[in-house]
There are 2 protein chains.
Amino acid sequence: MKKREKISDAVIKRLPMYYHCLKGLESDGISKVSSNIISGLLNITASQVRQDFSNFGEFGQQGYGYDVIYLKDQIAAILGLDRRYNVIIIGAGNIGQALAKYKGFKNEGFDIIAAFDVDAKDGKTIGGIPIYNYIKLEEFSQNCKIDIAVITTPSESAREVAANVKRLGIKSIWNFAPVFIYLGEDIAVENINMSESLFMLAYKANNLKII
Amino acid sequence: MKKREKISDAVIKRLPMYYHCLKGLESDGISKVSSNIISGLLNITASQVRQDFSNFGEFGQQGYGYDVIYLKDQIAAILGLDRRYNVIIIGAGNIGQALAKYKGFKNEGFDIIAAFDVDAKDGKTIGGIPIYNYIKLEEFSQNCKIDIAVITTPSESAREVAANVKRLGIKSIWNFAPVFIYLGEDIAVENINMSESLFMLAYKANNLKII
DNA sequence: TAGATTGTTAATCGATTAACAATC
DNA sequence: TAGATTGTTAATCGATTAACAATC
């Protein structure tokens, strides 16, 4: 293992791909895999697969390859998927409600424990998750450890909400508002910008190889 | 203008950022801008801003800078935002419904004209958009030019739906199912993989600078 | 004109790929 | 053992940054 310097974003972006791929192999009952096979499944080079893994440790055996379950567990641990997370949703509009109703996150270790909205009256639920008025967030955060805040407010309020989230000591933000949020090095933010993705799709569609 | 070779993905990813930024400047009533100012707003280098633009043409004037509206229109044209798109949604689950109800896409030139679902009975609507049974898609596509298909089905059916969409001659897919879709060079696909984004957030949160 | 800022060429940096010794 | 495949070092490729002549 090379000495652990800062891992580049390009590498980190591929970790979930590896994890997903290994889960697939596991559920197909395959127990060993080589960098060459992974490279074929993910359409990258075998060299890159080995380089990526070597950033974190030595997970394979020369002449054999990698044990699927062991490697999957190692990558899960690197990603932090070996624990559970308490998640809240801020903004109970269309997207916020859709995420609240989606049941898939629980399987991956993410428990949505509450939603908040400026217009909410207490006592309601969506998809079994309680909704509170946004003014209750501070009190709630004092009683319950929140790992991740999902921001699904309109863009006008997103930055203000994000700043408040940081003030309450929450360390991760998953932002769906079409506003770029960055609050410094001591809080993790992932921005999902759907309209930028849609614009890139328009570009790609208009620049396809000769149709 | 350098001769137009293939533009790298890294450049294309920044175009929506420039567009967004210029719209902001325009709505603030600012009429001229320099690469230096843009670089400050977007946290990239001025050199990169000029390099990026020079892939597509010469949009500025030495000693002056760029005209905000002209530059914005040029970038809109490069992205293909100078026309309108007919969009359908396939899969009327949580995310599909949320997108159908979201009104923001129309402003950018994307008209959601119908939704399809395997369980749908004809005659219903969501957010004013008609829902049809999925078996009607082929007929619909023959009567109406569809530019973009949004796939919000469960992951099990996503690939099959995507193949069908391609068969019907639709040239762009916006995929929200957690499955990587690629159908060759002659159809544009943008994958929004929310769980990968969530995993990256977990990684970042677990690797923050000393807290 | 003098100052400002572009567009482009050259230099640097970082990420990907290739090669191969180590070794299971 | 012979064959396979890792982990790592070196080579290549591509993207970002710096520098500057052109010129408004």
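Values reported hereafter were calculated over all heavy atoms of this structure, with side chains retained and with hydrogens, waters and symmetry mates removed. Keep in mind that this is a model prediction, so the values were computed, not measured. Chain A is the first sequence line, chain B the second, and so forth, proteins listed ahead of strands; every chain is numbered from 1.
Residues passing the side-chain contact (heavy atoms from CB on, under 4.5 Å) test with A:Arg159 are A:Val179, sequence neighbours excluded. In this structure A:Tyr102 satisfies the side-chain contact (heavy atoms from CB on, under 4.5 Å) test together with A:Phe105, B:Asn94, sequence neighbours excluded. Shown here are the side-chain contact (heavy atoms from CB on, under 4.5 Å) partners of A:Ala100, two or more places apart in sequence or in another chain: A:Ile89, A:Ile126, A:Ile129. With sequence neighbours excluded, the residues that form a ring-ring contact (aromatic ring centres under 6.0 Å, His included) with B:Phe176 are B:Trp174. In this structure A:Tyr132 satisfies the side-chain hydrogen bond (donor to acceptor under 3.5 Å, both in side chains) test with no other residue, sequence neighbours excluded. Residues that satisfy the side-chain contact (heavy atoms from CB on, under 4.5 Å) test with B:Asn191, not counting sequence neighbours, are B:Asn175, B:Phe180, B:Ile181, B:Val189.
Sequence neighbours left out, the pairs with a member in residues 28-43 of chain B that pass side-chain hydrogen bond (donor to acceptor under 3.5 Å, both in side chains) are B:Ser35-B:Arg50. Listed by first then second residue, pairs satisfying salt bridge (Lys or Arg N to Asp or Glu O under 4.0 Å) with a partner in residues 82-97 of chain A read A:Arg83-A:Asp147, A:Arg84-A:Asp111, not counting sequence neighbours.
A:Arg167 and A:Glu138 are joined by a salt bridge, as a carboxylate oxygen and a charged side-chain nitrogen come within less than 4.0 angstrom of each other. Taking a cutoff of 4.0 Å between a charged side-chain nitrogen and a carboxylate oxygen, B:Lys166 and B:Asp186 qualify as a salt bridge.
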How does DNA chain C read in dot-bracket, base by base from 5' to 3', with Watson-Crick or G-U pairs under 3.5 Å and | used when the partner is on another strand? ..||||||||||||||||||||||

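Rounded to a whole Å, the CG atom of B:Asp9 is 11 Å from the P atom of D:dT16. Per the geometry, CG belonging to B:Asp52 stands 13 Å off P belonging to C:dT6, to the nearest Å. For the pair A:Ile7 CD1 and C:dG14 P, the interatomic distance rounds to 14 Å; values are reported in whole Å.
Among the atoms of the strands shown, none is found under 4.0 Å from any heavy atom of B:Phe53.
Within residues 65-72 of chain A, no residue places a heavy atom under 4.0 Å from DNA chain C. Residues from residues 27-38 of chain A placing a heavy atom under 4.0 Å of any atom in DNA chain C do not occur.
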Contact string for nucleotides 17-24 of chain D, one letter per nucleotide 5' to 3', B = base within protein heavy-atom range under 4.0 Å, S = sugar-phosphate only, - = neither, reads BBB--BBB

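Remark: the B:Asp73 side chain and the B:Tyr19 side chain contain no N/O donor-acceptor pair separated by less than 3.5 Å.
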